[in-house]
Amino acid sequence: MDDDTPVLDNHMHLDPDAARGMDAVDDFVQLGGTHLLVVNKPSWHLGVESTDPEDFRSVFETTIDIVADATKRLPGRAWPILGVHPGLISRLIDDRGCSPDDAADLMQRVLDIAAEYVESGDALALKSGRPHYEVDDAVWEASNTVMKYAFALGADLDCVVQLHTEASEDLTEIADWADARGLDPLHVVKHYASGRLAGPTPSVMCNKEWLETAAEHEAPFLMETDYVDDPDRPGAVMGPKTVPRRVRWLREEGYDDAIEIAHVETPKRVYGIDTRRTLG
């Protein structure tokens, strides 16, 4: 890999205690990785099973601390993305006895806390979304309410909202919801995207076919692994070495422009981060 080429994984989870943590970061760096966007793990994976929004603050503090540790090992740096996993709504309803409306209210309060870290400069962006699995109409509507609230916060803070949603190549309705709340759809990032997406900015999983589609489309896109750093699922979803490996593959296939788009131009346009200036 060219030493001047930034290599960003747009969606990775790291666990400071139960899994590989910094060893995963070292694997990423060894293959040529330089920058990370680290999304907080689902709250229940870090031991938070609560209906008190303040209890979720520990999830964010843990993520910020591990991002600081990762930055010390990276040729570039890492940034935290904080918020609520959309699957939380089901846990609140099924395990805590919340109504869909009460669960949505709690998740909005947790997003308020995440927004404090963005406002102070301790986090880069917010995380929200809606379930990727089948839910009833009340849960679906409540989840959409939470996501729209995240868009309003993103507009107020002038920050990105990264989404976990169902698989789709057309999320123009979601983009319209963001736009109606003052958030440019360019600043809405669909995590776990395929190679083509209408509406938000796609963060493309490192499937070669999907990356080739994105590269030929020449629109803004990012690359990710969704590495979950779970000791019960080592390597899931993709291992931490995958993005650097796929960048090498893109280079071999002649997609130099796509590398520039995914690792320099789109991060700057979408998040306002300069992966070249922060390298080395």
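Remember, it's a predicted structure, so these values are computed and weren't measured experimentally.
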Hey, is the main chain of Tyr192 close enough, under 3.5 Å, to the side chain of Glu224 for a donor-acceptor pair? yes
Side chain Thr201, main chain Leu186, donor-acceptor under 3.5 Å: yes
Checking the side chain of Asp15 only, and the main-chain atoms of Arg20 only, is there a donor and an acceptor separated by less than 3.5 Å? no
Above 12 or not: heavy atoms from other molecules or residues under 6.0 Å from CZ of Arg109? yes
Step by step, would you call Tyr255 with Glu212 a side-chain contact (heavy atoms from CB on, under 4.5 Å)? CA-CA 8 Å; Tyr255 290 116; Glu212 193 167 38; 3.2 Å; yes
For Asp136, does the CG atom have more than 12 heavy-atom neighbours from other residues, nucleotides or ligands under 6.0 Å away? yes
Check whether more than 12 heavy atoms from other residues, nucleotides or ligands sit under 6.0 Å from atom CD of Glu119, and answer yes or no. no
Got a salt bridge between Arg57 and Glu116, using NZ or NE/NH1/NH2 to carboxylate O under 4.0 Å? yes
For a quick check under 3.5 Å, do Asp170 and Ser168 share a side-chain donor-acceptor pair by atom type? no
Scan Leu37, Val38, Val67 and name whichever one has a side-chain contact (heavy atoms from CB on, under 4.5 Å) with Ile81. Leu37
May I ask you to check whether Thr5 and Arg251 show a side-chain donor-acceptor distance below 3.5 Å? yes
Under 3.5 Å, side chain of Thr165 to main-chain N/O of Arg130, donor-acceptor pair present? no
Would you call Arg276 and Glu260 a salt bridge, taking side-chain N to carboxylate O under 4.0 Å as the test? yes
Would you confirm whether His217, through its side chain, and Ala219, through its main-chain N or O, come within 3.5 Å as a donor-acceptor pair? no
Just by distance, do the side chain of Thr275 and the backbone of His263 share a donor-acceptor pair under 3.5 Å? yes
Taking the side chain from Asp9 and the backbone from Thr225, do they hold a donor-acceptor pair closer than 3.5 Å? yes
Answer yes or no: does atom CG of Asp176 have more than 12 heavy-atom neighbours from other residues, nucleotides or ligands under 6.0 Å? yes
Closest non-hydrogen contact found for Pro80 with Ile64 is CG-CG1, 4.2 Å
Ignoring hydrogens and geometry, is there a side-chain-to-backbone donor-acceptor pair from Thr266 to Phe221 under 3.5 Å? yes
Are the side chain of Thr71 and the backbone N or O of Ala78 linked by a donor-acceptor pair below 3.5 Å? yes
Can we say Arg73 and Asp26 salt-bridge, meaning some charged N sits less than 4.0 Å from an Asp/Glu carboxylate O? yes
Backbone of Leu31 reached by a side-chain donor or acceptor of Arg248 within 3.5 Å: yes
